S.K.: 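Below are the structure tokens for one structure; questions will follow.
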Number of protein chains: 2
Amino acid sequence: MAKETIAGLAQRLGISKASVSYALNGQPGVSELTRRRVLDLADELGWYPSSSARALSRSRAGAVGMVLSADPLLIGTEPYYMGLLTGIETALAEGDMALMLRMVGRDPAQERATYERWAGERKVDGVILFDHRHADPRPALLERLRLPFVLHGAPAPEGVAPRSGTTTDHALDAATIVDHLHQAGHRRIAHVSGPRSFLHEEARIRGVQDRAGRHGISVVQYEADYSLDSGRDAALALLRGGEGISALVFGNDLMSMGGLLAMRAVGLRCPEDVALVSWDDSLHCELASPSVTALARNPGMQGRVAAELLLGLLDTGEVQTARMPAGDLVARSSTGALP
Amino acid sequence: MAKETIAGLAQRLGISKASVSYALNGQPGVSELTRRRVLDLADELGWYPSSSARALSRSRAGAVGMVLSADPLLIGTEPYYMGLLTGIETALAEGDMALMLRMVGRDPAQERATYERWAGERKVDGVILFDHRHADPRPALLERLRLPFVLHGAPAPEGVAPRSGTTTDHALDAATIVDHLHQAGHRRIAHVSGPRSFLHEEARIRGVQDRAGRHGISVVQYEADYSLDSGRDAALALLRGGEGISALVFGNDLMSMGGLLAMRAVGLRCPEDVALVSWDDSLHCELASPSVTALARNPGMQGRVAAELLLGLLDTGEVQTARMPAGDLVARSSTGALP
DNA sequence: TCCATTACCTGAACCGGTTCAGTAACCCCG
DNA sequence: CGGGGTTACTGAACCGGTTCAGGTAATGGA
């Protein structure tokens, strides 16, 4: 079983390399009979065309890259990423694209270096970006490098050249959460967000502020960093402040868990003393006691859509955006929704 | 900035392609001066050699593949995988190898097809395997495909041709857990394992049995499937059985959480009525109430070692095995270790 | 002084596909 | 029956690197 090549197949069948290639790729130029013979032989031999040879002659890598640039610790514990990844990979596989994964720390230079290398080596055909920041250097970098990309989960851009990507209506999600708290009778709440440098956090903050204002609810904004500890610290600061806050909204599930720990530490009961909502659902929310009311966002589906947008962009060059459906509020004990 | 090639560089410098190639790859055959000029120019242009061209002529893909074949749901919630992945990726990146990720369901045919394709297309130079099963078809398949691989986390094989991989002394870990429960005074315990088709579960079961026997502790073995629900069902069955079990050992953190839910459901307190140990640490164990005593295994480091073994295998063809350090028992409330 | 090394460099073949331009055979139709 | 069009196929160039087999020129030893 010496490694076969397309020349080998051609020789066995007594036809030219070109015909084999056409037959394999479903292109015109060969008769149905020849095509069948080629496909059957390839099948019989268990032969696949060399991906690097193909990549070289097609000038297409057949792979999509993704850089995870969060803290390793956060990546491993944040179920949202894994869900996203699963969705992305599934969609890519269906489009016959491989997923190349790279993990770097919070160091932007490394992420930048990775893109430069990927582009220079033509190792990936495109990349998926998320956690869009204010004045994010990545889109400009990628455009300079001519590396196609989609932007996942950013708020809909205003007055900017359109880019491929998924957009989320964070104001709508904010309204869902605030309305839920309003119905439960809360008049003063705190919103513990992730870093404000993220566009989506900015949008969420505005959304919460707006909706709360409409209900006559006052909001204390607090900036944290998505980690468990930062959530705990935030809760401690807010609840000790004696500001009469009766509900906390956390930007992700980890911080929500931190919030629960803080409440336990200072002897406040949930939901009786302070209610809690997580802006991301996960097993943590389900398992915590009390279980935590959360906005479920279906990361798997979002990843799938993002990947499909990228495939479309690579295939046809068509720039499109997809609006993600609104999150579903899963009411649990932490807002008194369940006994 | 039309895309540069090695021929372009050569022309600019007035030398041959061959010289440029030698200079770039640190090979003899060029003077130091020429080498510097080449490297400087490449740097200045931000040029990198095309990975597919390189892969084609070197017959080496420059990538390592990994198939995650668990339930999507389980993958996303099982922190062990993510930790492993992070470690693997980090080590691979240091060795200038890319990580190709593929997620398939529990369908073995898909995993098999992925390997066949990867091997045929020469898309990856090697793969990392884990969750070794009894009569696992994968090693034989990969050997037939001539695709190098390392086996992660299996028990040390007996009387089999040695293969590259990491081995874990599950008996030792079992002893750590059983000893801990023995010290706490338990005389009758249950061990809820993952599927027995996994070699490591078999080894764990034997390990628990042996060590318990030495202490005069009796063990009820129960086979589950790593899912939250299966953990819950196991606990319900075992605790309702009225067999006088005073401690439960679960094969992973998810099942442990299921166990806690079950105890809550039937009104048993932990650790007063039944103690609990998880054979895998994670944030879940830390956050649960009560917090769960767990055997921490440092998946990140394990992934790193596995990847390094594979790099060594690809580089020098050297088959080696690395024994993983014993797990650390993190004592928490679920065994009464903390107030 | 002369021959054998050695250091540096080059042309060309090669890796395994894709694709273009060209050819031969065939078909249809006026 | 002849000419335009289609179909099936082929040889060769090409993608962008690596590597081998030489070819000079400089160095060193006898």
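Residue numbering restarts at 1 for every chain, and letters A, B, ... go by the order of the sequence lines. Remember, predicted model here, so these are calculated numbers, not experimental data.
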S.K.: Heavy-atom distance under 4.5 Å between the side chains of B:R112 and B:P137, does that happen here?
M.R.: no
S.K.: So do A:H152 and A:V305 actually touch side chain to side chain, heavy atoms under 4.5 Å?
M.R.: no
S.K.: Please tell me which of the listed nucleotides, D:dT18, C:dT10, C:dG16, lies nearest to the side chain of B:R58?
M.R.: D:dT18
S.K.: Is it the case that the base of C:dG17 and the side chain of A:K17 share a donor-acceptor contact (distance under 3.5 Å, atom types as modelled)?
M.R.: yes
S.K.: Does OP1 or OP2 of C:dT10 have a side-chain N or O of B:S19 closer than 4.0 Å?
M.R.: yes
S.K.: Between C:dG16 atom P and A:K3 atom NZ, what is the distance in whole Å?
M.R.: 6 Å
S.K.: Side chains of A:S197 and A:R133: any donor to acceptor distance under 3.5 Å?
M.R.: yes
S.K.: Within the structure, does a side-chain N or O atom of A:W47 lie under 4.0 Å from either OP1 or OP2 of C:dG16?
M.R.: no
S.K.: Please test B:L68 against B:F130 for side chain to side chain contact (heavy atoms under 4.5 Å, CB included), starting from the C-alpha separation and ending with a verdict.
M.R.: CA-CA 9 Å; B:L68 295 186; B:F130 53 94; 3.5 Å; yes
S.K.: Taking OP1 and OP2 of C:dT18, is either one under 4.0 Å from a side-chain nitrogen or oxygen of A:S21?
M.R.: yes
S.K.: Is A:R117 salt-bridged to B:D96, cutoff N-O under 4.0 Å?
M.R.: yes
S.K.: What's the CG-P distance between A:N25 and C:dG17, to the nearest Å?
M.R.: 11 Å
S.K.: Rounding to a whole Å, what distance do you find between B:I6:CD1 and C:dT10:C1'?
M.R.: 14 Å
S.K.: State the CD-CD distance between A:Q11 and A:E4, to the nearest 0.5 angstrom.
M.R.: 9.0 Å
S.K.: Send over the distance from B:Q27 CD to D:dG17 P, rounded to a whole Å.
M.R.: 15 Å
S.K.: Side chain to side chain contact (heavy atoms under 4.5 Å, CB included), that's the test. Do B:L41 and B:E44 meet it? Break it down for me.
M.R.: CA-CA 5 Å; B:L41 181 60; B:E44 185 193 324; 4.2 Å; yes
S.K.: Report the nucleotide, chosen from C:dG17, D:dG16, C:dT10, that has the shortest atom-to-atom distance to any side-chain atom of B:A18.
M.R.: C:dT10
S.K.: As a test of reading the structure: which of D:dT18, C:dT18, C:dT10 is closest to the side chain of B:R54, going by heavy atoms?
M.R.: D:dT18
S.K.: Given atom NZ of A:K123 and atom C1' of D:dG17, what is their separation to the nearest angstrom?
M.R.: 14 Å
S.K.: Find the distance B:L13:CG to C:dC9:P and express it as a whole number of Å.
M.R.: 11 Å
S.K.: For the pair made of CG in B:L24 and P in D:dT18, what is the distance, rounded to whole Å?
M.R.: 7 Å
S.K.: Short of 4.0 Å, heavy atom to strand atom, which residues of residues 29-42 of chain B count as contacting DNA chain D?
M.R.: none
S.K.: N/O contacts under 3.5 Å, protein versus nucleotides 22-27 of chain D?
M.R.:
none

S.K.: Taking side chain as C-beta onward, heavy atoms only, is B:L314 less than 4.5 Å from B:V64?
M.R.: yes
S.K.: What's the closest nucleotide to the A:T5 side chain, out of D:dT19, D:dT10, C:dG17?
M.R.: C:dG17
S.K.: Starting at the 5' end of DNA chain D, which residue's closest nucleotide do you reach first, A:G14 or B:Y22?
M.R.: A:G14
S.K.: Among A:R106, A:Q110, A:M103, which residue satisfies the side-chain contact (heavy atoms from CB on, under 4.5 Å) criterion with A:S69?
M.R.: A:R106
S.K.: Answer yes or no: does a side-chain N or O of A:S16 lie under 4.0 Å from OP1 or OP2 of D:dT10?
M.R.: yes
S.K.: B:I128 versus B:L310: any side-chain heavy-atom pair under 4.5 Å?
M.R.: yes
S.K.: Rounding to an integer number of Å, can you tell me how far A:L9 CG sits from C:dT18 P?
M.R.: 11 Å
